[in-house]
Amino acid sequence: MSDDAPSTTDASPETSAGSESGTVRDRLPNTREGAERLLDGIVRDNRFTIAVLFPAVGAVTLVGSAEGWIPEPFAFHPWFVLFGVCVMRSPLAVGVLPLLDRRAAGWLGVLVAYTYAIESVGVATGWPYGSFEYAIDLGPMLGGVPLALPVFFIPLVVNAYLLCLLLLGGRASSTAVRLVAVSATVVAMDVVLDPGAVAVGFWTFGGGAFYGVPLSNYAGWVLSAVVAVFTLDRAFETDAVRERLADCEFMLDDMVSFVILWGGINVRFGNVLPALVAVAFGLGLLATDRFDAGLLRP
């Protein structure tokens, strides 16, 4: 080979880097459908980690923070809490994604606005949930309300909505039946959530008849549940939601996380009735074939 002949055996670092970058870009989906399939696969391949391991670790760390086992600044670290919540919400978010269009986004925006508005009124006046205040740092605040509030609230009502569609079958086609069932389910979920949150010190009502929670709090949740059903009915086509539920076995995995996390916390603090309600939700998930023994194994 002559001295000035180009070499074909060695690639320059720049060429190699460019080739690798191109390969990565080639592997990324370039359509919405491709992105949805990719996210479905990621969640499906990590169901145990997301729906079982994360809430179990979350329950231990929240109890440890409340009991003083975890030192500052790691106790109730807001970004750790938000990260864990977002991971546990991911099956629901990925499950709903194919149903999300402009109409759905608009109505979900209405629900987000309602969430901030009703929480701001509650913090300022004590209505409709009763007088309460946040006892730990939950990240950036706006007017006394955590900016991440929709991440905590909206998945709760969407999970209740989906669970009722699965359990009620054709009866859920009735708006009245759907309204009553979803509202009752949302209130039941708060029967589990609020006593557990009070026990670990997330927020405080200053006392209450039901494990430190005033009974008026649940009347407020009825109002919020009715608003949620109204907006979700307009955001999504019921038949399309049912089809997605049939195709997406992990869509209610966030409910599995809810049962493990808040059920475990209530057991730890001796909140018998909230723990039993959490068990009832677990049985409901078993009835939908969404919470099987396989999910409890890595």
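These numbers were taken from a predicted model, which means no experiment stands behind them.
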A.B. asks: Take Y161 and D233 through the side chain to side chain donor-acceptor pair (under 3.5 Å) test and state the conclusion after the steps.
C.D. replies: CA-CA 9 Å; Y161 190 87; D233 273 350; 2.5 Å; yes
A.B. asks: If I take atom OG from residue S183 and atom CG from residue L179, how far apart are they, to the nearest 0.5 angstrom?
C.D. replies: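 These two atoms lie 4.5 Å from each other.
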A.B. asks: So Y218 and F210, would you call those rings parallel, tilted or perpendicular, with 30° and 60° as cut-offs?
C.D. replies: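 Y218 vs F210 ring planes: perpendicular.
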A.B. asks: How many angstroms lie between atom CD of E243 and atom CG of L99, to the nearest 0.5 angstrom?
C.D. replies: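 Result: 9.5 Å between the selected atoms.
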A.B. asks: Within the structure provided, determine whether F230 and W107 are in side-chain contact (heavy-atom separation under 4.5 Å).
C.D. replies: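 Yes, at least one pair of side-chain atoms sits under 4.5 Å.
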A.B. asks: Mind checking the CG-CZ spacing from D254 to R89? Nearest 0.5 Å is all I need.
C.D. replies: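 One gets 4.5 Å once the value is rounded to the nearest 0.5 Å.
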A.B. asks: Is it the case that more than 12 heavy atoms not belonging to L142 sit under 6.0 Å from its CG atom?
C.D. replies: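 For L142, atom CG is not crowded (no more than 12 foreign heavy atoms under 6.0 Å).
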A.B. asks: Could you tell me if T204 and Y134 have a donor-acceptor pair between their side chains, going purely by distance under 3.5 Å?
C.D. replies: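 Absent: no donor and acceptor within the cut-off.
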A.B. asks: Can you tell if the side chain of F132 reaches within under 4.5 Å of the side chain of E119, non-hydrogen atoms only?
C.D. replies: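 A side-chain contact exists here, since the closest heavy-atom pair is under 4.5 Å.
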A.B. asks: Heavy-atom distance under 4.5 Å between the side chains of S224 and V157, does that happen here?
C.D. replies: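 Result no, sub-4.5 Å side-chain heavy-atom pair not found.
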A.B. asks: Please find out if less than 6.0 Å separates the ring center of F281 from that of W262.
C.D. replies: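 Between F281 and W262, the centre distance exceeds or equals 6.0 Å.
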A.B. asks: With a 4.5 Å cut-off on side-chain heavy atoms, are D194 and F205 touching?
C.D. replies: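 They are in side-chain contact.
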A.B. asks: Residues two or more places apart in sequence or in another chain: which of them pass side-chain contact (heavy atoms from CB on, under 4.5 Å) with E67?
C.D. replies: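 V63, W69, R268, F269.
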A.B. asks: Kindly write out the residues that satisfy side-chain contact (heavy atoms from CB on, under 4.5 Å) with E237, not counting sequence neighbours, or none if the list is empty.
C.D. replies: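 Testing E237 for side-chain contact (heavy atoms from CB on, under 4.5 Å), a comparison that skips the adjacent residues, returns R103, A240.
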A.B. asks: Does any part of the side chain of L252, heavy atoms only, come nearer than 4.5 Å to the side chain of L166, both counted from C-beta?
C.D. replies: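 Counting from C-beta outward, L166 and L252 do come under 4.5 Å.
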A.B. asks: To the closest 0.5 Å, what do you measure between CE (M251) and CG (N159)?
C.D. replies: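 Nearest 0.5 Å value for the CE-CG distance: 9.0 Å.
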A.B. asks: Can you tell me how far the OG atom of S65 sits from the NE2 atom of H77, to the nearest 0.5 Å?
C.D. replies: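 That separation rounds to 11.0 Å.
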A.B. asks: Taking the side chain as every heavy atom from C-beta outward, state whether L82 and F152 have any pair of such atoms under 4.5 Å apart.
C.D. replies: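 Of all side-chain heavy-atom pairs linking F152 with L82, at least one is under 4.5 Å.
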